[in-house]
Amino acid sequence: AASRSPAAIRSAEKQRIKSPFGHILGAKGGFFCMENQKNDNLNLLEAVVQNTEMGKNTLEQILPMTSDVQFKAELLRQRNIYHQLNQEAHTAIEACGSAQGQSTMAKLNTKMGIGLKTLTDKSTRNLAEMLTQGSGMGVVDCVKAQKDYPNAAPGAKRLAQRLQEF
């Protein structure tokens with residue numbers, strides 16, 4: 001490897017910025033990529049994006065099915081939290097590349113599943129039970145993602161943990 005001049009080193013240091021997670025970002029190929037942790041960060045953040053999109057999409061579909069004012073208010077509160085966590089994950093991903101989000105097939109499967117489960121029963125009890133099951137699956141997905149991507153930056157881990165605890 002050729003040695004770099006002090007001017008070249010200073011120039012490279014000026015091009016580095018800190019990510020929202022406190023890690024140094026370097027410009028590579030037109031994108032900002034987190035050094036040494038790129039794959040785990042992207043994978044963990046992608047899991048957060050997919051999980052939060054599933055939550056948002058499910059709540060959007062269920063909201064019009066209920067006339068229970070208190071329940072509807074809680075669904076809106078949860079949708080807003082999913083939206084906030086989704087935005088935070090997208091912002092972090094933009095530092096490394098792009099997010100794929102929830103696949104069209106996953107969205108369709110969810111929509112059809114909700115449609116079938118609410119065909120004959122749109123009671124608050126049934127809707128709440130469905131959301132509880134979905135939330136439980138989301139927690140399991142968060143735990144798996146955190147174990148699968150142990151080298152993710154602390155900020156990415158905190159975001160996944162916040163989603164899991166939500």
Met137 and Met54, any side-chain heavy atoms less than 4.5 Å apart: no

Do Leu131 and Leu59 have side chains that approach each other closer than 4.5 Å (heavy atoms only, starting at C-beta)? yes

When you measure from the side chain of Lys122 to the backbone N and O of Thr118, does any donor-acceptor pair fall under 3.5 Å? yes

Under the side chain to side chain contact (heavy atoms under 4.5 Å, CB included) rule, what do Leu76 and Leu63 come out as? Steps first, then yes or no, please. CA-CA 8 Å; Leu76 288 168; Leu63 268 163; 3.6 Å; yes

State whether the side chain of Thr58 and the backbone N or O of Gly55 hold a donor-acceptor pair below 3.5 Å, judged by distance alone. no

Leu163, Ile81: one ILVMFWY side-chain cluster at the under-4.5 Å cut-off? yes

Between Glu88 and Leu159, which heavy-atom pair has the shortest distance, and what is it? OE1-CD1, 3.5 Å

Does either side chain, that of Ser123 or that of Asp121, offer a donor lying less than 3.5 Å from an acceptor on the other one? yes

Pairwise side-chain contact, Arg162 with Val48, heavy-atom cut-off 4.5 Å (strictly under): no

Looking at every non-hydrogen atom in both residues, tell me the closest pair between Ala152 and Lys157 and how far apart they are. O-CE, 3.2 Å

Show the nearest heavy-atom pair for residues His83 and Lys56, with the distance to one decimal. CA-CD, 3.6 Å

Contact check, side chains of Asn57 and Gln61, non-hydrogen atoms, under 4.5 Å: no

Under 3.5 Å, side chain of Asn51 to main-chain N/O of Gly138, donor-acceptor pair present? yes

Any idea which heavy atoms bring Asn41 and Ala153 closest together, and the distance? OD1-N, 2.5 Å

Around Lys72, counting heavy atoms of other residues, nucleotides and ligands shown, do more than 12 lie under 6.0 Å from its NZ? yes

Considering only heavy atoms from C-beta outward, does the side chain of Leu45 approach that of His90 to under 4.5 Å? no

Rounding to 0.5 Å, atoms CD (Gln133) and CE (Met130) come to a distance of 8.0 Å

For a quick test of reading the model, state the closest non-hydrogen atom pair linking Glu46 to Ile93 and the distance between them. N-CD1, 3.9 Å

For Asp40 and Asn151, which heavy atoms make the closest approach, and how far apart are they? OD2-N, 2.8 Å

Applying ring pair (Phe, Tyr, Trp, His ring centres under 6.0 Å), which residue pairs with at least one partner in residues 62-82 are found, sequence neighbours left out? Tyr82-Phe166

Can you tell whether the side chains of Arg77 and Glu74 come within less than 4.0 Å, N to carboxylate O? yes

Any heavy-atom pair between the side chains of Gln84 and Arg79 that's under 4.5 Å? no

Connected hydrophobic set around Leu44, excluding itself, where side chains approach under 4.5 Å: Tyr149

Using the rule given for side chain to side chain contact (heavy atoms under 4.5 Å, CB included), can you reason through Met65 versus Ile114, listing the C-alpha separation, both sets of side-chain angles and the distance that settles it, and then say yes or no? CA-CA 11 Å; Met65 294 180 186; Ile114 291 170; 3.9 Å; yes

